Every structure is written in C-alpha cells, then in structure tokens.
Amino acid sequence: MTPQVRYVLRLADSNLVLAQRLGEWVGHAPALEEDLGLANVSLDLLGQARLLLGHAGELEGKGRGEDQLAYLREESEYFNLTLVEQPNGDFGDTIVRQFLFDAWQLGLYEALSGSSDATLAAISAKGAREAAYHLRYSGGWLVRLGDGTAESHARVAHSLAVLWPYTNELFHDDGVDRAVANSGIGVLPSTLAARWTTRVDEAIEHATLARPAASGFGWYGKQGRHSEHLGYLLAEMQSLHRAHPGATW
Amino acid sequence: MYTQGLDSLGKDCLRDEGRDSSALESRFQARVDAEEKVEAKDWMPEAYRRTLVRQISQHAHSEIVGMLPEGNWITRAPSLKRKTILIAKVQDEGGHGAYLYSAAETLGVARAELVDQLLAGKAKYSSIFNYPTPTWADVGAIGWLVDGAAIMNQIPLCRCSYGPYARAMVRICKEESFHQRQGYEIMLRLSRGSEAQRAMAQAALDRWWWPSLMMFGPSDNESKHSAQSMRWKIKRFSNDELRQKFVDTTVPQADYLGLKVPDPELAWDEAQQHYRFGAIDWREFEQVLAGEGPCNRERIEARRKAHADGRWVREAAAAWAHKQARASSRAA
Amino acid sequence: MDESRSDWPLYEIFIRAKSGLDHKHVGSLHATDARMALEHARDLYTRRQEGVSIWAVRSADIVASDPADSDVFFEPARDKIYRHPTFYDIPDEVKTL
C-alpha cells in the first residue's frame, strides 16, 4: 500500500468511525434539536468518508469500492485516530471528543485545500466549510457545558482530562506523513499543532476550563494499533454486510 | 393516522358550552365550511382546541418514538449509502416531531408538558412503533408500508382547518415521499437479491402488513367522534376509506416485488374495483394500545433515559444563557 | 418534573428562501440563546437547502395585532401571537390532559 493510499485512508477512517459513533446518538440526545444537530455532523462526516474511501480505492487500483473498504477491513487495517473510536459516554464526552477533532480537522482541511492531489484538495475545500460549522457547534456546546452549572463544569472537565491523552496522536509525524508531505499531497501533522493549540486554548478558557497536563503516552490508531473499542464498533458496523457476502443492498 | 382516532374528542366535547357560545360556534362552523383556515388566536370551541392538541401531540410523539425502531439499524446498515439515507430519514422524523410540537404549542400547551405526558405513559402515540425491527428488511417494510400509510393520512391533513397544523403537514408531506421511496427501494433490492435476502423481505412483510392496516384505526362506526372531527375538517376521510385506499395501492406494489401479502382472503373485486381483505384482529391493536405490545416498555424507557440523561445538559445550556443575559444587561 | 419548566424559550423562525424574496415564517423551536436558535433553525428548516438567511426571534418579543374578528369572548385582548403556555397556569392537581 502506497503512502498516499494509506494517508487518504487515515482521513477516511477517522471520518467514518466518528460518523458511526455519532449515529449511535440519534433518538437518544438530550433534546430533540440535538438529535438533529448530531445527525447533521454524522451525515457530513459520512459524506466525507465516502468520498475519501472512493478516492483511496481508485488510487489503490485493486477494485475496492467504498463498501468493500468500510465493511471488509479488520481493525489492524483501519487507520483512524484513536480519539474517534472512544465511546460516546455522556453528551459532554461526545462534545469534547468532537471539539478536539473539529479544531484539528478544520486546520487540516484548510491546509489540504492546497494539496497536489486535486481530488483530495477538492474534498478538503468542501470539508473545511463543514468542519467550520461543526467547530462552531461543538465549540458552542463546550462553552455552555463548561460555563453552565457546577455539575456540567465538573463533567466536562473530566471528559477533557480523559480524552486529552488521545490528542498527542493528532500531531505525531511518521513515515507516511513525511512521504506525503514531501510530495505535496499531504501536510505534516506537527505543522497543525500551533493553530490547534490556539483555537483549543481559547475555547477552553471561554468555557472556564483548564488545559489538562500533557500525557506522555502515545496512541497509534493511524498505524492500525487501536484501543479495545474499535473491535466492538467494527463488529456492529460490519456484521450484517459480512453475513451476506457479495450481496447488494 | 398517527392518531388513529384514538380518543379524538374527550367527553367534554359534548358538554354544552353555554348558550352564548352558540352564535360564536355557528360563525366558527361557517368559516370552517367555507374552507377558511383557523389561526392561533382566532376564537374556537374549546373542544376543537382540545381535539387538536391531542391529535397534533399524538402525531408529534409518534414521530419521535418512530425514530427508535429505525434508528436502531443506523449502526448496522449494510452499505454506506443505506446508512446515509437512514440517518437522513430518521433525522427528518425528528424534524417532523419538532414541526408538530411547534404547531401544538400555538394552541397553548408547552412542549415540555407534552413530553412529560409521553414519558409518564399518559400520552398516546401510533401503535405501529411498538413493534420490533429484528432485521434489516424491517427498515424497508417500515418505509414502504408505515410511511405509505402515513402519507395516505397526511395528504388530506394538508387541508385541515387549523392553519399551523395544515402548514406543518405540507412541509412534512414534501419530505415524506422520499421516506416511502427509500423503504420500497430496500424491499426491491432484497426481493431481487439472494434467497436469504428474499426470505428476509417476505418475513418482514408478514410481520408489518396487519399492524400497518391497524394504523388507520378502528372502523368509523366504532367511533362516535369521527363525525365531529369531520365537521370541523380536522379529519377529512374516514378510517375505512383510507385503509381501503392503502390496500388498493399497496397490493400491486407487493405483487411487483414478488412478495405475498399474508392474507388468505385477499382478493380483487372486479365489480367494486377494490381489494377485499380479511378481518383485522382488533384485540392485538387494543393490547398494543394498552401498553402490552412487544416494545411499548422499551420505547418509553429509551425516551425516559434520553430525557433523564440529558437533564444536566439542558440545565447547563439554560444556566449559561442566563449568565449571558445578566452580563449583557449589566453592561447595558 | 420541575426541570421541564426551565428555560429553553420558544423562538419563531423566519427564512429567506433565496435572494430577492422576503423572510417567511416557517415555525418555531426551542433554544436557550440566539446562537443556538440559529443553529437549530439551520438543522430543522434548511436541511434541503431551503434558505439563504435565517431570522430567529423570541416568541415573547413578538407583538401582534388582535385577530380580525372582534369575537374575543373568552380571551381578554392580548397582544401575543399564540395561546402561549405561559398564559395557562393550571395548578398541578388539575392536570388531567
């Protein structure tokens, strides 16, 4: 698998897994309006995932389409960020996970709009507009929960502490990243750190929260080494499709 | 339809509201007869208002509860396209619930109160959503049959006498046809697929056919209040008329799928140009309505849990808004 | 459930479908603040690209004319647009809806 294919799959998989997580909320959100809001983000991410999967399949040239890639790869072949496979938890956990991701994704798509891979650039340009809206949505909720009641503040401070260690991975450069950055297709993750930190710090302050201490532990979901959660997620997502090999739906 | 004429008018509808009101009532009736729309602040008989609050809120509750039987297949949809369509459909249903709660609120009841009634088990919603969706084919069957039945009722409601409800229905109807089509398309793919897929589709039709017929509610000669609802143009066609229309439309669709409707008495009546169909087991309907259906408890429990789990979130949002309001009035 | 009385006030939503048209009333929704009202309105009323501009106004801030008929027998003249829930303060014991 070329670095380019792997890179595109990383982006696709993070979107797909996060869309799957958000899909679990529909019908169970704190208010009817949030059912719609979360479904909206889920649909946007799913749409981006489908475009990226299609593109990865074409680049790979082995005839794998979006469904084969989504439903027939195992955990070790999935390259999403470990952050996005974390369980939904309560609404605060979901919002913090979303916010940390949105702030990262917006910066990433903005940078990728200049990719030498024209398809990736186009997907990113559209994705950036969607990510901007998602960030507005998740950022707004982060502030409401952080600066709402004593209970909401405590809950979301806890969410932030639990999820913070997964953010290391967002800015870790590896061989694939370096290869695609050199060819102008991708961007080095570490180059996104400063902008992300500024956005996040601003929101955290507005939410009367405190930035958790840095964690030393590294996560490598983007290399196919996942937490325990991805297995369950994929089992649920893939089971029906796998039960009927070759079927069309 | 989602109201099934459940208890459309309370006893109070028949109470004499006093001699003075009779002039107002006849003027009101004249407006309704002339197909004028009644708006939120217009004078209306108290029974008319109560009927609408019940009917609209039951309809709204049905949309919200209806998100659950299909929502539970979002994470397992067998293709990304189907997943996308299903999320969009369930999102639409939530939206329909929101439009309907809005319409109900114009009549002087708060959404929070309506939701409390639902969660307390005091409000009714369409019985159809108390059935389980054990297979993917059930998602198709719901779109095809349940949304199909809903459309049959909703189109006439676009001409309901109460303006806000009629307008909500117009908006809903525009979105609803996509729902039915996606359901039918699922069934089409299944019926033309593998033997296992075909069997899945047939089994789903076997499960959903009769409950869908029950959605239209009991025969109108069982319901004393249909006549009043018709006179007020809240109800435009009888339950039996709509049910017959549904059967006549849907049986050919099943034939096209190559699936068999689970009714040995089903037969085309050439003289009447209608399908004759078998007797409905109304005991099942009553049991489900009384809370003894397969999923009644689960559906309400799910809604209760969402509401309870979300309380701290709603409170936080309200608290934050208050802080902002206080801060800006201090700054002013 | 006391909490259900807490404030997610009602907002009326007006959408301009496309440039050149007026904003049209499309319905209402609940939100705690203006920004949330706009986001909710976007998700609720523009899923099918039905809008280029959204206005959200708190229902309580709208003043309305009296209905054309003067037949307000049972309603004292009020200048709000709905039979709004806050106008009905039914004691809890009487709730048998």
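These figures come from a predicted structure and were not determined experimentally. Residue numbers start from 1 in every chain, and the chains themselves are labelled A, B, ... in the order their sequence lines are given, proteins ahead of strands. Only heavy atoms go into these numbers, but all of them, side chains included; no hydrogens, no water, no symmetry mates.
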Practice task
Give a yes or no on whether B/Arg304 atom CZ has more than 12 heavy-atom contacts from other residues, nucleotides or ligands under 6.0 Å away.
Solution key: yes
Exercise for the section: Determine whether B/Glu105 and C/His30 make a side-chain contact, defined as any pair of heavy atoms from C-beta on separated by less than 4.5 Å. Expected result: yes
Exercise for the section: Could I get the full list of salt bridge (Lys or Arg N to Asp or Glu O under 4.0 Å) partners for B/Lys81, not counting sequence neighbours? Expected result: none
Handout entry: Residue among B/Gln324, B/Gln91, B/Glu175 with most heavy-atom pairs under 4.5 Å to chain C
Key = B/Glu175
Problem - Which atom of C/Met36 lies closest to which atom of B/Ala317, heavy atoms considered - result: CE-CB, 3.9 Å
Handout entry: More than 12 heavy atoms of other groups within 6.0 Å of C/Lys24 NZ
Key = no
Handout entry: Gap between atom CH2 of C/Trp8 and atom CZ of B/Arg111 - 0.5 Å precision
Key = 8.5 Å
Problem - Criterion salt bridge (Lys or Arg N to Asp or Glu O under 4.0 Å) on C/Arg48 and B/Asp92, from CA distance to verdict - result: CA-CA 10 Å; C/Arg48 286 162 166 80; B/Asp92 271 357; 2.7 Å; yes
Exercise for the section: Test side-chain contact (heavy atoms from CB on, under 4.5 Å) on C/Val26 and B/Arg171 and set out the steps. Expected result: CA-CA 9 Å; C/Val26 291; B/Arg171 184 172 272 278; 3.4 Å; yes
Problem - Side-chain (B/Ser102) to main-chain (C/Ser28) donor-acceptor, under 3.5 angstrom - result: yes
Handout entry: Value rounded to 0.5 Å, distance of CG in C/Asp33 from CH2 in B/Trp320
Key = 5.0 Å
Handout entry: Minimum heavy-atom distance between B/Tyr99 and C/Leu44, given as atom pair plus value
Key = OH-O, 3.1 Å
